[in-house]
Structures are given as C-alpha cells and as structure tokens.
Amino acid sequence: MKGLTSILIINKIWRKVLVGSTIILLADLDYFFAQCEELRNPDLKIKPVVVGVYSGRTQDSGAVSTANYVARKYGVNSGIPLHLARKRLQNVDAVFLPVDYKYYKHISDEIMAQLRSYSDLFEQVGIDEAYLDVSKKVQGSFKAAGLLVEKIKNEVKKKIGISFSMGIGPNKLVAKIAADSNKPDGLTIVKPSNVNSFLESLPVSRLPGIGKKTSQKMNLLGINTIGDLAHYDVQSLIDSFGRNLGVYYHNSANGVNNEPVHEANEAESISRISTLKENTRDLSALLDKTDQLILSIHRDLLNRNSKFKRVGVIAIMANLSVRSKSKTLLSSSDQIDLLKKSVQNLLESLIGESEMKIRRIGVKISEFTSNKETQKQLSSYF
DNA sequence: GTATGCTTTCGGC
DNA sequence: TTACGGCCGAAAGCATAC
C-alpha cells in the first residue's frame with residue numbers, strides 16, 4: 001500500500017514536471033437566450049430584449065428567463081415577473097419574446113462541439129456553460145491558455161456569432177469565479193500565485209453554493225469577504241455549518257478545489273411543471289394536468305431506456321409557497337399506469353394537508369436504473 | 001453517537 | 001396596486017438502524 005502511494009505521488013510530481021500545472025477554463029455563454037434572439041434578428045441588438053416564460057394564464061403572466069444588457073440597465077433581470085419588466089420598459093422600444101428552447105439548444109450544441117474540440121477533458125453544465133481541462137493542450141502554461149482562449153473566442157464569434165465569457169484558473173472553482181467577474185465577452189486569468197489576492201476582497205456570496213441565506217449567517221459571524229472566511233477557524237465553521245459544508249467553505253475560500261472535469265452523466269431526475277389556468281384544489285382538474293405532464297415525462301423515460309423508483313409531485317400554492325410529496329417504490333418500473341396511480345395518491349395526500357388552492361403543479365421521477373443493465377443481468381442469469 | 005436512507009426544501013440558471 | 005417559469009442538483013431535515 002505504501003509502495004502504491006509512493007508511486008502515485010511520484011506520478012503526480014512527474015506530471016507536474018512534464019506538463020506544468022492544471023489549467024481549467026470555464027466558458028459561460030453571455031445572456032444566452034437573448035443573445036440567440038439577437039443572432040437571428042440583429043436589429044434587436046440596440047433594443048432591450050426580454051426572453052420570458054409565458055404561463056398563458058393572462059396576458060404577460062410569467063417570468064423573465066433572460067434579458068440582454070440593454071434591458072438590464074432598466075432593472076430587468078432574470079426571474080422578475082413579466083408584468084414588472086413591462087412596467088420598467090414602458091416608455092422604451094423593448095422587445096418581448098417567448099423562449100424557443102429548441103433553437104437555443106441547436107446553437108448551444110454547435111458551440112459545445114467547438115469548445116470540446118479544444119479540450120483534453122470536457123464537461124457541459126446546463127445549456128450555456130462548460131468546463132474545459134486544457135492542462136496538456138497548453139503544457140501547463142497560463143500564457144498559452146490565454147492565447148488559446150482568444151483564439152476560441154474569435155473562432156466561435158466568426159463561425160457561430162455568439163460571445164461568451166471565460167475564466168481561467170488552476171481549478172473549476174477559481175475558473176468559475178473568474179468568469180463571473182468580467183461579463184459579457186470577458187476573459188479573466190487567475191494564476192495559482194494570484195488566487196488568494198484575487199479571492200480575498202470578494203464578498204462570500206461570490207463562492208458557488210453560498211447564497212443569500214448562508215451569506216447572511218456568515219455576516220453575523222463577522223465573515224464578509226472570502227478573505228475573512230479563509231482565515232476563519234475551520235472547527236468553528238464545522239460547528240456552525242456541519243462537517244461537509246464547513247470543510248467545503250474553508251477549502252473554497254482558500255482557492256482549494258480538486259473536482260475533476262468529467263463528461264456530464266445522464267440527468268438524475270426528470271420533471272415537468274406547469275401553471276394551471278386558474279387556482280384550484282379539485283383533484284380531477286389537477287389530474288388532467290398531471291396526466292399531460294406524465295405523458296411527456298414517460299416519453300423521456302422510454303427514450304433513455306430507464307426505469308424509475310421514485311415519484312414526486314410538487315405544488316406551488318396560491319401564495320407562491322412550495323409544497324412537495326414524494327415516495328420511493330418497492331421496485332423500479334417504467335409503467336405509465338403505475339406512475340399515474342402514484343401521482344394520484346401523492347396528490348390526494350398533498351391536497352389533504354392544506355386548505356389553500358394550487359397555482360402550479362409538477363411531477364418528478366428519479367432514482368433511475370438502466371433497462372440495459374437489467375436485461376444483461378437477466379440474460380446472464382438464464 | 002454515527003451512519004444510512006428517505007423525504008422536503010433551497011437555490012442556481 | 002399588484003404583478004411570478006421550468007427545470008435541475010444539492011442541502012437540509014428527519015427517522016431508523018447499528
């Protein structure tokens with residue numbers, strides 16, 4: 001065992017000598033949905049562009065998915081109600097469009113293929129982000145990495161017409177924060193020797209995984225910047241946030257992160273959610289909607305040749321609070337009737353727990369097993 | 001008391 | 001005056017087993 005460890009360490013040192021340090025890129029496609037709309041209609045570029053999810057319940061009910069930077073100047077950001085966006089842009093020549101996911105996905109696929117070709121290891125995150133491990137490709141040189149990124153940016157701009165922001169760092173965490181710090185069309189390089197000075201003055205909320213709630217809690221402990229967090233006693237962090245998070249926060253604040261770049265796996269859950277025409281707590285009205293959602297989920301399930309073992313329903317109540325119910329089955333299944341029956345049971349019990357009417361309803365399945373595996377096991381058994 | 005598993009909520013994009 | 005999507009994975013919260 002000791003011998004093996006030594007070999008691994010020697011291996012690591014050799015790698016360092018041969019290729020230099022690890023270099024990770026994070027590419028983040030700028031205001032992606034809105035930029036895609038500008039791509040197919042360049043006249044939009046000078047106007048505020050708002051891409052929204054329209055729920056169909058009233059004119060303009062829904063939320064903003066992405067807005068271009070012209071619209072953001074008016075306070076129109078992701079997540080705000082479309083009505084509010086209208087109000088903020090009422091005296092401006094603004095353009096409101098519904099999301100066209102298929103089109104955006106097509107553009108994304110082309111860009112991702114391009115990015116992948118420049119990487120040693122590639123990991124797509126969502127429709128608009130990707131990590132590239134380019135350590136070998138650039139021989140561990142941050143300078144070479146910077147030149148490579150300029151080249152990729154120009155090529156994607158020329159071939160596809162989309163801009164993105166890039167962060168370069170010694171690991172995924174630093175690359176991500178770097179990319180966030182200069183948008184749109186930015187490039188930020190953080191060499192290992194600059195990691196600490198780069199991070200220390202930033203607010204803790206810039207660390208992935210630290211949102212509003214956690215940063216408020218940290219502020220109460222006197223932790224405001226990432227530098228404060230980096231110097232805070234680890235054991236005290238563990239006491240406040242638990243072992244996993246405490247260690248994660250400590251390492252992250254010090255720029256330490258060893259997450260490898262790897263190809264994304266298949267999704268761990270499939271879900272659909274939809275806004276009802278009007279608020280209701282009538283079971284048959286809800287089941288009409290969940291049946292539609294189930295049909296779409298089941299199509300996806302068959303496409304990936306999987307079985308599910310867990311079923312859930314999620315309800316957004318009239319006051320926008322969220323309730324959910326889920327259940328693990330005794331065995332995996334791909335049967336739509338079982339799915340429908342499970343959803344009905346969960347829905348009945350959820351309705352029984354509150355007097356409030358429901359505004360949006362969703363269905364989710366998870367804990368998949370592959371049909372292929374099952375078939376293999378069966379055939380080898382017989 | 002700690003690990004594990006199940007269920008609900010949180011939060012990023 | 002108010003206004004409010006549709007995903008996903010991770011974390012939190014809780015119960016049970018050892």
Side-chain angles (χ1 to χ4, degrees), chain A residues 26 28-34 50-67 76-90 98-101 104-105 108 123-130 165 176 179-180 183 205-217 240-246 248-249 259 264-276 279 289 293 296-297 300 309-330 346 349-350 353-354 359-368:
Chain A
L26 186 273
D28 187 348
L29 308 183
D30 297 321
Y31 62 101
F32 185 53
F33 292 1
V50 181
V51 178
V53 182
Y54 287 80
S55 69
R57 124 178 319 217
T58 62
Q59 174 90 315
D60 276 351
S61 70
V64 173
S65 185
T66 317
V76 174
N77 294 105
S78 299
I80 72 168
L82 284 168
H83 271 291
L84 184 55
R86 279 275 188 219
K87 190 182 160 199
R88 292 188 176 168
L89 293 168
Q90 59 190 344
V99 295
D100 181 355
Y101 194 81
Y104 312 146
K105 181 70 166 61
S108 167
E123 177 178 351
Q124 186 173 339
V125 182
I127 195 173
D128 66 349
E129 279 187 25
S165 298
K176 168 75 177 159
D180 287 341
K183 292 179 171 184
S205 56
R206 289 286 300 277
L207 288 173
I210 300 190
K212 199 173 159 189
K213 217 175 145 188
T214 308
S215 53
Q216 279 175 0
K217 202 169 158 187
S240 296
F241 299 98
R243 174 129 214 118
N244 276 338
L245 282 176
Y248 169 77
Y249 293 150
E259 291 299 312
N265 298 319
E266 275 190 310
E268 292 172 12
S269 67
I270 303 173
S271 66
R272 294 290 184 278
I273 186 166
S274 175
T275 303
L276 298 156
N279 297 357
K289 182 53 79 177
L293 303 177
S296 168
I297 288 174
D300 271 18
K309 199 174 180 190
R310 188 174 183 79
V311 182
V313 296
I314 180 166
I316 286 79
M317 313 305 286
N319 67 355
L320 298 182
S321 65
V322 182
R323 302 184 62 91
S324 65
K325 282 247 166 248
S326 64
K327 181 121 190 84
T328 302
L329 307 175
L330 289 171
L346 291 165
S349 110
L350 191 147
E353 287 177 9
S354 160
R359 179 186 178 92
R360 300 163 63 203
I361 188 73
V363 176
K364 169 163 115 170
I365 58 175
S366 55
E367 281 171 35
F368 300 122

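Naming: A, B, ... by sequence-line order, numbering from 1 per chain.
Comparing C:dC8, C:dA3, C:dG6 by their closest approach to the side chain of A:P81 singles out C:dA3. Distances from the side chain of A:R360 to the nucleotides C:dA3, C:dG9, C:dG5 place C:dG5 closest. Of the candidate nucleotides C:dA3, C:dG5, B:dT7, B:dT7 has the atom nearest to the side chain of A:T328.
Among the heavy atoms of the strands lying under 4.0 Å from A:S274 are primed sugar atoms or P, OP1, OP2 only; no base atom is included. Within the nucleic acid shown, A:G62 comes within 4.0 Å of sugar-phosphate atoms alone, with no base atom in reach, counting heavy atoms only. Here A:I361 lies out of heavy-atom contact (under 4.0 Å) with every strand.
Although no hydrogens or angles enter the test, the distance criterion places no donor-acceptor pair under 3.5 Å between the side chain of A:R359 and the main chain of A:N319. Side-chain atoms of A:E266 do not come within 3.5 Å of backbone N or O of A:E268 as any donor-acceptor pair. For the pair A:S78 (side chain) and A:S65 (backbone), a donor-acceptor distance under 3.5 Å is present.
To the nearest angstrom, C1' of C:dG9 lies 16 Å from CD of A:E266. The nearest whole Å value for the distance from the CG atom in A:L82 to the P atom in C:dG5 is 8 Å. Spacing between atom CG of A:N77 and atom C1' of C:dG5 amounts to 16 Å, rounded to whole angstrom units. Counting to the nearest Å, the P atom of C:dA3 and the CG atom of A:L89 are 19 Å from each other. Distance, A:K87 NZ to C:dT1 C1': 8 Å, rounded to whole Å. Rounded to an integer number of Å, the gap from OH of A:Y104 to P of C:dC7 is 15 Å. C:dG6 atom P lies 18 Å from atom CD1 of A:I270, rounded to whole Å. Rounded to whole Å, the distance from CD1 on A:I80 to C1' on C:dC4 is 10 Å.
No donor-acceptor contact under 3.5 angstrom links the side chains of A:D128 and A:S108, judged on distance only. Judged purely by distance below 3.5 Å, without hydrogens or angles, the side chains of A:S296 and A:R272 pair a donor atom with an acceptor atom. Side-chain contact check for A:R88 and A:N77: no donor-acceptor pair (N or O, by modelled atom type) lies under 3.5 Å.
Listed pair A:R359 / C:dC4 meets the phosphate criterion, a side-chain N or O lying under 4.0 Å from OP1 or OP2. Residue A:T275 places at least one side-chain N or O closer than 4.0 Å to OP1 or OP2 of C:dG5. Look at A:S61 and you won't find any side-chain N or O under 4.0 angstrom from OP1 or OP2 of C:dC4. For C:dG5, neither phosphate oxygen OP1 nor OP2 lies less than 4.0 angstrom from any side-chain nitrogen or oxygen of A:S65.
Counting heavy atoms of neighbouring residues, nucleotides and ligands inside a 6.0 Å radius, atom CD of A:Q90 exceeds 12 of them. For NZ of A:K327, the number of neighbouring non-hydrogen atoms (other residues, nucleotides, ligands) closer than 6.0 Å is 12 at most.
Mapping A:L320 and A:Y249 onto DNA chain C via the closest heavy atom, the residue that lands nearer the 5' end is A:L320. The nearest heavy atom of DNA chain C to A:L293 and to A:H83 marks one nucleotide each, and the one closer to the 5' end goes with A:H83.
The separation of B:dG12 from C:dC4, taken at their P atoms, amounts to 22 Å, rounded to a whole angstrom.
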I need a per-nucleotide contact map over nucleotides 8-13 of chain B, read 5' to 3'. Cutoff is protein heavy atoms under 4.0 Å; write B for the base, S for backbone only, - otherwise.
BB-SSS
